[in-house]
Amino acid sequence: MKNEPLVMGIETSCDETGVGIVRGHELLADAVASSVDEHARFGGVVPEVASRAHLEAMVPTIRRALDDAGVGLADLDGIAVTAGPGLAGALMVGVGAAKAYSIATGVPIYGVNHLSAHIAVDTLENGPIPEPAIGLLVSGGHSSIMMVEDLAGKVTQLGASIDDAAGEAFDKVARLLGLPFPGGPYIDRAAKEGDRAYVEFPRGLSAAKDMQKHRYDFSFSGLKTAVARWIEARRADGEDVPVNDVAAAFQEAVCDVLTRKAILAAQEHGVETILLGGGVAANSRLRGLASERAEAAGLTLRYPRPKLCTDNGAMVAALGSHLVAAGVAPSQIDFPANSSMDVEIVSLANAL
């Protein structure tokens with residue numbers, strides 16, 4: 001609909017320069033420039049490399065998104081940008097660019113939360129979010145269970161990882177198995193040829209005593225260490241490591257805990273819908289197991305296509321469009337990029 005908000009979203013929290021353009025719930029453009037290949041030889045994201053890549057890619061990616069959408073800057077009703085959390089230098093590139101375009105055009109600017117944007121992207125494929133809903137957000141930097149009462153302003157964290165995020169554990173275990181970076185897609189691929197029951201790896205924070213204090217929290221550091229010790233013992237005995245089987249058993253341990261705790265949160269809070277998002281939400285086993293368990297519990301599971309699970313500008317634009325439509329005030333032009341932004345802040349207008 002022409003009268004729905006037209007918003008450009010800019011995402012630079014890590015190694016993806018993403019620019020998306022959304023009208024209402026309709027995705028018009030999703031342009032991404034990734035620097036992942038530049039980080040692969042280091043086995044992880046190098047913040048300085050990511051920041052420089054964002055600087056080089058920003059203007060061309062914005063131009064490509066505008067061309068793909070067939071709109072101009074003057075047509076926009078808002079510019080949304082990830083203000084945090086994320087890598088400080090990378091965030092500053094995106095925030096600085098968004099401010100420059102806002103000042104030059106007079107278009108209102110919205111500094112938004114990266115995690116809330118991962119929730120909002122679901123609207124581009126599945127329509128408005130039933131509220132309240134439970135969000136299971138799983139990425140390289142965050143593993144969280146969120147209560148979404150109002151996507152325009154009230155998102156509460158019920159639980160989170162107390163050490164390694166799930167995506168971080170995937171990268172570390174992939175390195176142990178000799179698989180490339182980023183580890184998630186390679187472990188997913190290897191696991192399809194493996195036996196999920198080959199090794200019974202630990203399920204962190206799932207014992208009765210842990211469930212009292214960390215009911216909806218996650219811990220993957222112990223799992224990563226268990227995999228490392230198992231591999232070390234195997235090699236010390238002069239035996240080969242069955243990569244596919246270990247990948248499948250590790251992946252099963254992660255997905256088992258994530259889905260069980262998300263289902264539990266929905267049941268105990270009387271919520272009927274679970275939203276799955278974040279880069280690890282592209283994992284085929286996580287999607288499959290979450291679907292099975294949600295159906296068995298009589299719950300509705302929603303998730304976007306894999307391309308929209310990873311970091312992108314479309315998710316930022318989707319959240320921006322929602323904020324504009326809800327009448328949320330734009331951010332002041334002097335808002336900061338905040339690498340440790342509180343996960344419960346949806347947009348900086350709400351925090352002022």
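Keep in mind that what you see is a predicted model, and the values were worked out from it rather than measured. Note that these values count all heavy atoms, side chains included, but never hydrogens, waters or copies made by symmetry.
With hydrogens and angles ignored, the 3.5 Å screen pairs no side-chain donor or acceptor of S144 with any backbone N or O of M146. No donor-acceptor distance shorter than 3.5 angstrom exists from the side chain of S339 to the backbone of A88, with no hydrogens or angles considered. Looking at S161, its side chain does come within 3.5 Å of a backbone N or O of D164 through a donor-acceptor pair. No side-chain donor-acceptor contact under 3.5 Å links R215 to the backbone of D210. In terms of modelled atom types and a separation under 3.5 Å, the side chain of T61 and the main chain of V19 share no donor-acceptor contact. Judged by distance alone, the side chain of T105 and the main-chain N or O of V107 form a donor-acceptor pair under 3.5 Å. Side-chain atoms of D75 do not come within 3.5 Å of backbone N or O of V71 as any donor-acceptor pair. Judged by distance alone, with hydrogens and angles left aside, the side-chain atoms of H25 form no donor-acceptor pair with the main-chain N or O of L124 at under 3.5 Å. A side-chain donor-acceptor contact under 3.5 Å links N338 to the backbone of S340. One N or O on the side chain of S321 and one on the backbone of G24 form a donor-acceptor pair closer than 3.5 Å.
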V227/V246 under side chain to side chain contact (heavy atoms under 4.5 Å, CB included): CA gap, chis, key distance, verdict: CA-CA 8 Å; V227 175; V246 175; 4.0 Å; yes
Test side chain to side chain contact (heavy atoms under 4.5 Å, CB included) applied to V257 and L223, step by step: CA-CA 11 Å; V257 174; L223 170 59; over 6 Å; no
Salt bridge (charged side-chain N to carboxylate O under 4.0 Å, His left out) between D256 and R260, intermediate numbers included: CA-CA 6 Å; D256 181 22; R260 271 197 287 133; 2.9 Å; yes
Evaluation steps, salt bridge (charged side-chain N to carboxylate O under 4.0 Å, His left out), between E26 and R23: CA-CA 5 Å; E26 181 185 2; R23 188 188 297 278; 5.4 Å; no
Pair R234-I231, side chain to side chain contact (heavy atoms under 4.5 Å, CB included): steps then yes or no: CA-CA 5 Å; R234 185 89 175 193; I231 292 173; 5.6 Å; no
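Side-chain contact check for E4 versus V324: every heavy-atom pair is 4.5 Å or farther apart. Taking the side chain as every heavy atom from C-beta outward, L66 and L73 approach each other to under 4.5 Å. Within the 4.5 Å cutoff, side-chain heavy atoms of H114 are placed close to those of E11. Using a 4.5 Å heavy-atom cutoff, the side chains of M92 and P336 are not in contact. For the pair H322/T123, no side-chain contact is recorded, criterion being any heavy-atom separation below 4.5 Å from C-beta on. Taking the side chain as every heavy atom from C-beta outward, L151 and L319 approach each other to under 4.5 Å. Contact check for Y303 versus L275: no side-chain heavy atoms found under the 4.5 Å cut-off. Counting heavy atoms from C-beta on, the side chains of V59 and Y101 come closer than 4.5 Å.
Between T82 and V95, the shortest heavy-atom contact is O-CG2, 3.6 Å. A pairwise comparison of heavy atoms in A314 and V22 identifies O-CG2, 4.0 Å as the closest pair. I333 and I109 get closest at one heavy-atom pair: CD1-CG2, 4.1 Å. Considering all non-hydrogen atoms of both residues, A98 and I79 come closest at CB-CG2, 4.0 Å.
Salt-bridge check for R52 with E48: failed, with every basic side-chain N at 4.0 Å or more from each acidic carboxylate O. The pair R302-E125 does not meet the salt-bridge criterion, since no charged nitrogen lies less than 4.0 angstrom from a carboxylate oxygen. No salt bridge links D188 with R285; every basic N to acidic carboxylate O contact stays at or beyond 4.0 Å.
Side-chain atoms of H54 and D15 form no donor-acceptor pair, as typed in the model, at a separation below 3.5 Å.
For an aromatic pair to be called close, the ring centres must be under 6.0 Å apart, and F170 with F220 fails this.
Using cut-offs of 30° and 60° on the angle between ring planes, the pair Y216 and H269 is tilted.
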